[in-house]
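What follows is a set of notes on a single structure, which appears directly below.
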Amino acid sequence: MAVDLRSRLAHVELPNPILTASGCAGAGRELSQFFDVARIGAVVTKSVMLAPRSGRPTPRMAETPSGMLNSIGLQGPGIDAFLRRDLPWLLSRGARAVVSIAGSTVGEYAELAARLSDAAGVTAVEVNISCPNVEDRGQVFACDPGAAAAVIEAVRARIRYDIPVFAKLSPDVTDIVAIAGSCVAAGADGLSMINTLLGMAIDTTTLRPVLAGVTGGLSGPAIKPVAVRCIWQVHEALPDIPIIGMGGVRTGLDALELMLAGASTVSVGTAIFHDPSACPRILRELEEELASRGIERAADVVGLAHESHQAAIHRRPGSVL
Ligand SMILES: Cc1cc2nc3c(=O)[nH]c(=O)nc-3n(C[C@H](O)[C@H](O)[C@H](O)COP(=O)(O)O)c2cc1C
C-alpha cells in the first residue's frame with residue numbers, strides 16, 4: 001500500500017515528515033555521501049550566529065547509558081559564510097533548508113532574521129532560543145516566557161512574511177506549555193521540541209567532570225519519553241500549532257510515537273552519528289509501519305493518541321465525563 005507521506009511546516013508542504021535535527025548534520029554536505037539529501041523532508045541546519053565561532057573547549061562529547069552529552073557550543077562559520085556557501089549548496093541539491101539561528105541578544109536574532117529575509121530558498125526558520133541572554137545575566141531565553149517572546153517577536157518582525165518561524169523549546173522548564181503559548185502569541189507559526197536536557201558526568205578515574213565545559217546537553221534515546229511528554233502537553237493545549245518533534249528518535253516506530261503525541265514532522269539528531277543514513281532508513285520504516293496499520297496518510301496520525309485517549313476516558317465505566 002502506498003502511503004501519502006506529505007507533511008506540513010505551517011503553510012509549507014514537505015514531501016515527507018523526516019528532517020535532520022539542528023547541529024547533527026552540519027548543513028547537509030557530509031550526509032550527501034550517504035544519501036540524496038533532497039529525499040528527506042528537509043535539512044535543519046546547525047544553528048548559525050552572526051559572527052564565526054569556534055565553540056567550547058574539548059573534551060566536549062561524552063557517552064552515557066542510552067544517551068550522549070555534548071558541550072560543543074554554537075561552533076560555526078557565521079551568517080555571511082552560511083549564506084555564501086552552505087545555503088546555495090543545499091539549494092543546488094534540490095534540498096529544502098530549515099535554517100536554525102541563534103543569538104546572544106534579541107537584536108542579534110533580529111539581524112539574523114533580516115539577513116535570511118533577503119536570501120533565496122529558506123523553507124522555514126527554526127529559532128534556537130536555548131542560548132544565554134548576555135543582556136540578562138546569561139538567563140536562557142527559552143526558560144523565560146517574556147524573553148522567549150521578545151526573540152520570536154523580533155524575528156517575526158524582520159523575516160519575510162511567507163517564511164514560517166518555528167521556536168525551538170527547551171525541556172528544562174517547569175511549564176513548557178507557558179513558554180509555548182508565549183512564543184505563539186509573539187508570532188511563532190510553529191514549535192520545535194525538544195532541545196537537549198542539561199546534564200553532567202564525572203570521570204571516577206580522574207575524579208573530575210568529563211566535559212571541559214562541565215555541563216552539557218543530553219540527547220539520544222534516554223530523552224525520548226521527555227520529548228513525547230512535552231509534545232503531548234503542548235499539542236493538548238495548542239492543537240492547531242504545528243510541531244517539529246525531536247528527541248531520541250532512532251526508528252520509524254519512534255517517529256510514529258512522536259507524531260501520535262502531536263508532531264507534524266520529526267527531526268533525527270543523535271542517531272545520525274552512528275548511522276549517517278538514519279533519516280532515509282527511518283522514513284522507510286515509518287512508511288512500512290503506517291502501511292502495515294492500513295493508514296493511508298502520514299498526516300492522519302498527527303496527534304492521534306489524543307483522540308484515542310479522549311475516547312478511552314469517555315468509555316471508562318464510571319467516568320465523570
Ligand atoms: C552534537 C549536537 C549538537 C547540537 N547542536 C544544536 C544546534 O546547533 N542547535 C539546536 O537548536 N539544537 C542542537 N542540538 C539539539 C538537537 O537538534 C536535538 O534537539 C536534540 O539532540 C534531541 O534530539 P536527538 O535525541 O535526536 O539528538 C544538538 C545536539 C547534538 C547532539
Side-chain angles (χ1 to χ4, degrees), residues 18-28 30 40 42-49 53-56 58-64 66-79 82 86 98-104 109 112 124-132 140-142 148 151 155 165-172 176 191-199 211 213 215-231 243-252 254-255 257-258 263 265-276 278-279 281-282:
I18 301 299
L19 284 53
T20 60
S22 179
C24 300
E30 292 79 6
I40 59 173
V43 172
V44 182
T45 59
K46 167 96 188 150
S47 296
V48 66
M49 299 191 76
R53 274 167 63 114
S54 52
R56 296 172 75 188
T58 55
R60 47 191 194 174
M61 298 272 238
E63 295 241 5
T64 63
S66 307
M68 189 178 96
L69 282 170
N70 92 82
S71 62
I72 291 184
L74 295 175
Q75 179 179 345
I79 189 72
F82 174 82
D86 296 330
V98 174
V99 180
S100 170
I101 57 172
S104 327
Y109 282 100
L112 285 159
V125 170
E126 189 176 79
V127 189
N128 176 5
I129 51 175
S130 293
C131 303
V140 173
F141 291 101
V151 170
V155 169
V165 172
F166 278 68
K168 183 160 179 184
L169 306 186
S170 165
D172 286 338
I176 197 162
L191 302 163
S192 299
M193 64 185 84
I194 56 174
N195 214 319
T196 52
L197 287 101
L198 196 63
L211 298 172
T215 59
L218 181 66
S219 63
I223 73 168
K224 193 184 70 172
V226 181
V228 173
R229 184 267 299 174
C230 290
I231 295 165
I243 295 174
I244 304 177
M246 76 276 299
V249 172
R250 272 180 311 172
T251 65
D254 294 335
E257 188 178 355
L258 265 57
T265 61
V266 173
S267 281
V268 180
T270 302
I272 292 177
F273 292 110
H274 38 89
D275 175 10
C279 286
R281 173 182 55 76
I282 290 169

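Order of appearance sets the numbers: ligands from 1, and atoms from 1 within every ligand. The chain is numbered in sequence order, starting from 1.
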So do the side chains of [X] and [Y] get within less than 4.5 Å of each other, counting heavy atoms only?
X	Y	answer
Ile129	Leu169	yes
Asn195	Met246	no
Val48	Asp86	no

At a 4.0 angstrom heavy-atom cut-off, ligand 1 is contacted by Ala21, Ser22, Gly23, Cys24, Lys46, Ser47, Met68, Asn70, Ile72, Leu74, Asn128, Lys168, Ile194, Asn195, Thr196, Ser219, Gly220, Ile223, Met246, Gly247, Gly248, Gly269, Thr270, Phe273
Leu258 vs Val228, test: side-chain contact (heavy atoms from CB on, under 4.5 Å). Steps then yes/no.
CA-CA 6 Å; Leu258 265 57; Val228 173; 3.7 Å; yes
With side-chain contact (heavy atoms from CB on, under 4.5 Å) as the test, would you mind laying out the steps for Lys46 and Ile72 before giving the verdict?
CA-CA 11 Å; Lys46 167 96 188 150; Ile72 291 184; 4.3 Å; yes
Whether the side chain of Thr215 engages the backbone of Gly199 through a donor-acceptor N/O pair (distance < 3.5 Å, no angle test) should be reported.
no
